[in-house]
Amino acid sequence: MAALNACSALVTGSNRGLGLEMIKQLLEAHCSKVFAACRDPDGPNSEVLRELAKKNPDVVTLVKLDIADPCSIKESAKKVGSLLGEKGLNLLVNNAAILPQKTMLTATVEDMHNAFNTNVIGPLFVIREYLPYLRAAAKANGKPGMSSDKAAVINISTDSASMSMIPSMEDPFPFFPYSISKAGLNMLTVYTARDLKEDEILCISIHPGWVRTDMGTNEATLNTRESVEGMLHVIGSLTEKESGGFLDYTGKTMPW
Ligand SMILES: NC(=O)c1ccc[n+]([C@@H]2O[C@H](COP(=O)([O-])OP(=O)(O)OC[C@H]3O[C@@H](n4cnc5c(N)ncnc54)[C@H](OP(=O)(O)O)[C@@H]3O)[C@@H](O)[C@H]2O)c1
C-alpha cells in the first residue's frame, strides 16, 4: 500500500496501462478527489475507467484531456478548477506518452513532432494550466517544506531518456524520437523544480521500470501493480531534497 496522503490527484493518460493502475491505487490510498484524464472518456478504451467512476462517484471524475492539444488542456483545467475547492490540487501526474518505434535513420519529421508534442510540450502546458491549483494546494497546506501531500508534479520518464545509459542500449536503438523527447521532459522537470521552488511545489522525473503494458509489451519484467506500488511509495516519501531529481520506481537515483 502506498505511503501517499494526497487528497486530490490528476493523472493524464489514465484509461489504460500505468495510468489506469495509478487511478486504482490512488483509490486504495483513499485519495478523496481523483481526476482520471484521458483523451476519449466515452470511447471503448475507457470502459474500465467509466466503471471505476460509476463505483466511486464521489471520488473519481473522468476528464477529457488530449495532451497534444493546448485547447483541450485549457478546457480540462477549467473543468477541474470548477470542481476543486480551496484546497487545490496536490498531485499532478504527467503520465500520457507515445513511443514511435523509429531509429535515427527512420524517424520522420512527423514522428519527431508527434513525440515532442505529446511527451514534452503537452506536459509543459499541463503544468502551466494546472499551476493555479497546485499553488492553491501548497498555500492551503501551510506546513513548511515540500511533499506530495502538499503539491507535486510527477513526470513519468524512462531509463531510455538517460544520456549516460544510451551507449549500453541496443544498436540501432528503436526509440529515437521517444528517448530524445523524454530527455526533454527531464529538462522540463529540472526547470519546473527550479521555477516552482518558491511556491514549495516539488517536481521529479520517475522511471517506472520495464512494465507489461501496450507500450512495455508482454516481454517486460514488471506488472503494473508492482510498478505503481513502487512509484506511489516513492512519491509519498518525497521532500524538497529530491525535487528536480530523476528516480526509479524503487527510489534509486537514475543517471541523467
Ligand atoms: N511500460 C513501460 O515499460 C514503460 C517504461 C518506461 C516509461 N514508461 C512511461 O510510462 C508512462 C505510461 O506508459 P504505459 O506503459 O502505461 O503506456 P501505454 O500502455 O501505451 O499507455 C499510454 C497512455 O497514454 C495515453 N496517451 C497517448 N497520447 C495521448 C494524448 N495525446 N493525450 C492523452 N493521452 C494520451 C494513451 O491514451 P489512448 O488510449 O487514448 O491512446 C494511454 O492511456 C509513459 O509516460 C511511458 O513513457 C513506460
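We count ligands from 1, going down the list as the structure has it; atoms in each ligand are counted the same way. What you see is a predicted model, and the numbers here were worked out from it, not measured in a lab.
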Regarding ligand 1, does Trp210 bring an N or O atom to under 3.5 Å of one of the ligand's N or O atoms?
no
Nearest neighbour in protein (non-hydrogen) for atom 15 (O) of ligand 1
Thr213 OG1, 2.5 Å
Donor-acceptor under 3.5 Å (Lys79 side chain, Val63 main chain)
no
Please assess Asn155 against Ser205 for the test side-chain hydrogen bond (donor to acceptor under 3.5 Å, both in side chains), listing each intermediate value before the final yes or no.
CA-CA 5 Å; Asn155 291 328; Ser205 278; 4.9 Å; no
Report the nearest protein non-hydrogen atom to atom 35 (C) of ligand 1: residue, atom name, distance rounded to 0.1 Å.
Ala96 CB, 3.6 Å
Closest protein heavy atom (residue, atom, distance) for atom 47 (O) of ligand 1:
Tyr178 OH, 2.5 Å
Are the side chain of Arg50 and the backbone of Pro44 linked by a donor-acceptor contact shorter than 3.5 Å?
no
For Thr189 and Asn186, run side-chain hydrogen bond (donor to acceptor under 3.5 Å, both in side chains): C-alpha distance rounded to whole Å, both residues' side-chain angles, the deciding distance at 0.1 Å, then the answer.
CA-CA 5 Å; Thr189 294; Asn186 281 354; 4.8 Å; no
Does an N or O anywhere in Ser14 fall below 3.5 Å from an N or O of ligand 1?
no
Please state which protein non-hydrogen atom is closest to atom 7 (C) of ligand 1 and give its distance, to 0.1 Å?
Ser157 O, 3.1 Å
Ile98 neighbourhood, listing ligand 1 atoms whose heavy-atom distance to it stays under 4.0 Å
27 (C), 28 (N)
Counting only nitrogen or oxygen atoms and a 3.5 angstrom limit, does Arg16 reach ligand 1?
yes
Kindly confirm or rule out an N or O of Cys38 lying under 3.5 angstrom from an N or O of ligand 1.
no
protein heavy-atom neighbour closest to atom 33 (C) of ligand 1 works out as Leu65 O, 3.4 Å
Identify the closest protein heavy atom to atom 16 (O) of ligand 1: which residue and atom is it, and at what distance?
Leu18 N, 2.8 Å
Determine, stepwise, if the pair Asp149 / Asn90 fulfils side chain to side chain contact (heavy atoms under 4.5 Å, CB included).
CA-CA 6 Å; Asp149 303 353; Asn90 301 118; 6.0 Å; no
Enumerate the atoms of ligand 1 whose separation from the nearest heavy atom of Gly17 is less than 4.0 angstrom.
16 (O), 19 (O)
Any atoms of ligand 1 less than 4.0 Å from a non-hydrogen atom of Ala68? List them with their elements.
31 (N)
Using a strict 4.0 Å cut-off to heavy atoms of Thr158, name the atoms of ligand 1 that fall inside it.
6 (C), 7 (C)
Please step through side chain to side chain contact (heavy atoms under 4.5 Å, CB included) for the pair Phe116 and Ile180, ending with a clear verdict.
CA-CA 8 Å; Phe116 269 85; Ile180 295 178; 3.7 Å; yes
May I ask you to check if ligand 1 and Ile67 share an N or O to N or O distance below 3.5 Å?
yes
Can you report which non-hydrogen protein atom sits closest to atom 17 (O) of ligand 1, along with the distance?
Met215 CB, 3.4 Å
If the contact criterion is a heavy-atom separation under 4.0 Å, does Gly209 count as touching ligand 1?
yes
What I want to find out is whether Lys24 reaches Glu28 closely enough, with some N-O distance under 4.0 Å, to be called a salt bridge.
no
Please identify which atoms of ligand 1 are closer than 4.0 Å to at least one heavy atom of Ile156.
9 (C), 10 (O), 11 (C), 45 (O)
At the 4.0 Å heavy-atom cut-off, does Lys182 count as touching ligand 1?
yes
Just to be sure I'm reading this right: ignoring hydrogens, which of Gly216, Ala97, Gly13 gets closest to atom 22 (C) of ligand 1? Compare them by their nearest heavy atoms.
Ala97
Does Glu47 have more than 12 heavy atoms from other residues, nucleotides or ligands lying within 6.0 Å of its CD?
no
Could you pull out, from Glu21, Met22, Arg39, the option with a heavy atom nearest to atom 29 (C) of ligand 1?
Arg39
Using a 3.5 Å cut-off on N or O atoms only, is Val211 in polar contact with ligand 1?
yes
Any Asp66 heavy atom less than 4.0 Å from ligand 1
yes
Check: of Ser46, Ala161, Pro208, Ser227, min heavy-atom distance to atom 48 (C) of ligand 1 comes from Pro208
Given Thr217 and Trp210, is the side chain to side chain contact (heavy atoms under 4.5 Å, CB included) satisfied, shown in steps?
CA-CA 9 Å; Thr217 77; Trp210 187 23; 4.2 Å; yes
Please confirm whether the backbone N or O of Tyr178 pairs with a side-chain atom of Ser181, one donor and one acceptor, at under 3.5 Å?
yes
Is there a donor in the side chain of Thr12 and an acceptor in the side chain of Asn95, or the other way round, less than 3.5 Å apart?
no
closest protein heavy atom to atom 44 (C) of ligand 1 is Asn95 O, 3.1 Å
Strictly by modelled atom types, are Asp248 and Thr250 linked by a side-chain donor-acceptor pair under 3.5 Å?
yes
With a 4.0 Å cut-off on heavy atoms, is Asn15 touching ligand 1?
yes
Using a 4.0 Å cutoff against the non-hydrogen atoms of Asp214, which atoms of ligand 1 qualify?
19 (O)
Using side-chain heavy atoms (C-beta onward) and a distance below 4.5 Å, is Ile156 in contact with Ile206?
yes
Could you tell me whether His207 and ligand 1 have an N or O pair separated by under 3.5 Å?
no
Min side-chain heavy-atom separation Leu26-Leu91 under 4.5 Å:
yes
Do the non-hydrogen side-chain atoms of Phe35 and Leu83 ever get within less than 4.5 Å of each other?
yes
Please assess Leu131 against Leu196 for the test side chain to side chain contact (heavy atoms under 4.5 Å, CB included), listing each intermediate value before the final yes or no.
CA-CA 9 Å; Leu131 189 53; Leu196 303 188; 3.7 Å; yes
